[in-house]
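Report on one structure; see the data block that follows.
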Amino acid sequence: MDYDLIVSQGRLADRSPHALLGARLAGERFARRYGLRTRKLGTPYPNSADGWSHALAQSRETLTSLQNAVSQSLEAGRKPLMIANSCVASLASLPVVARKRPAAKILWFDAHGDFNTPETTRSGYLGGMVLAGACGLWKTEVGGGVSPRNLLIVGARDVDPAESELLTQAGVTILPPRTATPEAVAQWAGGAPLWLHIDWDVLEPGHVPAAYKVNQGLAPDRLKAILEAIPANRVEGLELAEFEAPDDPEAREAALRLMIKLTEPILDPQPVARTAPAV
């Protein structure tokens, strides 16, 4: 494979105790499945329901390490497979994509808009501010540069009113679950290279445990159909985030197997008869 496996093991605004474990276990499973060597980056800290400013300061070391790893991978002509405890990891990766793969469009699979700023956030959660920071709406100190018009949020259904206004003003495209189809994604993507981010809360709860449960999400088959329609050779990188490792061993194993299955169209593409247009 031409992927480099990068696993976050430093706190990235984690508010629950199971995200770091989830990233580690997922990294181990993907490494075993694809024979990849793993770079584990970051120093673990206890989870905390702190505000975005403190969380950002605590995350800076991990973000810098992740940013360097993603940059090195792309400079070597390879593709990062970044598995992270939270979407905050993308504060590191997306500015690198904007610089080194400026033609790439970003497919962001998430139940949330992640487009709040320090002025609009009601929860103070750094993870809800990632895309706005990457697009330069607030100063993250790890870079910006992403064009909002190169951003498609797929599966969003829990968006704050002020956040929604910012998304509209910036020109970000959103496909809620009912309209998130391979055809719709294909129409938006055109023939551009793609960068993929999957927050597992994009799925209907009950399939892959995530920090937040938002009903009426994508069914796993729908997500897989979208990924199957994406030519794997147009993918510049893949990010997986927010797997909350459950205590129950059977539930944990089922979730890990599903994550592997859903991402196989990108990481292990097989010739298939396609009924939907390629993205």
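Residue numbers start at 1 and run along the sequence shown.
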In one Ile/Leu/Val/Met/Phe/Trp/Tyr side-chain cluster, 4.5 Å: Y45, L21: no

Steps toward side chain to side chain contact (heavy atoms under 4.5 Å, CB included) verdict (L152, V172): CA-CA 6 Å; L152 175 66; V172 176; over 6 Å; no

In one Ile/Leu/Val/Met/Phe/Trp/Tyr side-chain cluster, 4.5 Å: I106, L91: yes

A104 versus V97, closest heavy-atom pair with distance: CB-CG1, 4.2 Å

Any L36 side-chain heavy atom under 4.5 Å of F30 side chain: no

Q187, CD atom: more than 12 neighbouring heavy atoms under 6.0 Å: no

D14 side-chain N/O to S16 backbone N/O, donor-acceptor pair under 3.5 Å: no

Close side-chain approach of K100 to V70, heavy-atom, < 4.5 Å: no

Test log, rule side chain to side chain contact (heavy atoms under 4.5 Å, CB included), inputs I266 and Y3: CA-CA 11 Å; I266 302 301; Y3 277 90; 3.6 Å; yes

Cationic N near anionic O, under 4.0 Å, E236 to K79: no

L203 side, atom CG; L262 side, atom CG - distance, nearest 0.5 Å: 6.5 Å

Side chain to side chain contact (heavy atoms under 4.5 Å, CB included), paired with L81, selected from L238, T263, I6: L238

Verify same cluster id: L25, L41 (apolar side-chain graph, 4.5 Å): no

Side-chain H-bond candidate by donor/acceptor type, H197 with E239, under 3.5 Å: yes

Whether T121 side chain and T117 backbone form a donor-acceptor pair below 3.5 Å: no

Test side chain to side chain contact (heavy atoms under 4.5 Å, CB included) applied to N47 and R15, step by step: CA-CA 5 Å; N47 59 285; R15 289 187 167 184; 5.8 Å; no

Distance-minimising heavy-atom pair for R122 and P161: NH2-CD, 4.2 Å

Side chains of N85 and S8, donor plus acceptor under 3.5 Å: yes

Flag side-chain contact, heavy atom, 4.5 Å: L256 against F243: yes

Side-chain donor-acceptor contact under 3.5 Å, Q67 with S71: no

Distance, nearest 0.5 Å, that separates CD of Q9 from CG of L66: 10.5 Å

Minimum heavy-atom distance between Y125 and W52, given as atom pair plus value: C-CB, 4.5 Å

T64 side chain to R60 backbone, donor-acceptor under 3.5 Å: yes

Lys/Arg-Asp/Glu bridge criterion (N-O < 4.0 Å) met for R32, E28: no

Contacts of type side chain to side chain contact (heavy atoms under 4.5 Å, CB included), residue S73, not counting sequence neighbours: D4, R78, P80

Under 3.5 Å donor-acceptor, T168 side chain and S164 backbone: yes

F109 side, atom CZ; I153 side, atom CD1 - distance, nearest 0.5 Å: 12.0 Å

Under 3.5 Å: donor-acceptor pair, side chain of R101, backbone of R99: no

Test item: P44 and R24 side chains (from C-beta on) under 4.5 Å apart, heavy atoms: no

W188 six-ring centre to K105 NZ/CZ under 6.0 Å and within 45° of normal: yes

Within-4.5 Å side-chain heavy-atom neighbours: V154 and V202: no

C135 versus F115, closest heavy-atom pair with distance: SG-CE1, 4.0 Å

Exam field: side chain E242 to backbone A19, donor-acceptor pair closer than 3.5 Å: no

Connected via hydrophobic side-chain network under 4.5 Å: I260 and M82: no

Check: D160 side chain, E163 main-chain N or O, donor-acceptor pair, under 3.5 Å: no

Stepwise side chain to side chain contact (heavy atoms under 4.5 Å, CB included) check, V185 with I226: CA-CA 7 Å; V185 174; I226 294 172; 4.0 Å; yes

Residue pair V235 / I230: nearest heavy atoms and the distance that separates them: CG2-CG2, 3.7 Å

Single-linkage hydrophobic cluster V96~L194, side-chain heavy atoms < 4.5 angstrom: no

Non-hydrogen side-chain atoms of L175 and T181 separated by less than 4.5 Å: no

Flag if over 12 foreign heavy atoms under 6.0 Å of CD, Q169: yes

Side-chain polar contacts of residues 206-225 - donor-acceptor pairs under 3.5 angstrom, sequence neighbours left out - could you list them?
residue, atom, partner, partner atom, Å
R222, NH1, P177, O, 3.1
R222, NH1, A180, O, 2.7

Test item: L151 and L107 side chains (from C-beta on) under 4.5 Å apart, heavy atoms: no

Pair R39, Q72: side-chain N/O donor-acceptor within cut-off below 3.5 Å: yes

Closest approach of A170 to P148 (non-hydrogen atoms, all atoms of both residues): O-CB, 3.3 Å

Any donor-acceptor pair under 3.5 Å from D110 side chain to W108 backbone: no

Minimum side-chain heavy-atom gap T43-T62 below 4.5 Å: no

Test side chain to side chain contact (heavy atoms under 4.5 Å, CB included) applied to A31 - qualifying residues, sequence neighbours left out: L5, T38

Salt-bridge contact D50-R11 (side-chain N to carboxylate O under 4.0 Å): yes

Separation between OG of S123 and NE2 of H112, rounded to the nearest 0.5 Å: 9.0 Å

Distance (rounded to the nearest 0.5 Å) between L126 CG and S86 OG: 7.0 Å

From R29 atom CZ to I83 atom CD1, the distance as rounded to the nearest 0.5 Å: 11.5 Å

Donor-acceptor contact below 3.5 Å, side chain S90 vs main chain S93: no

Donor-acceptor contact present, side-chain R252 to main-chain P246, <3.5 Å: yes

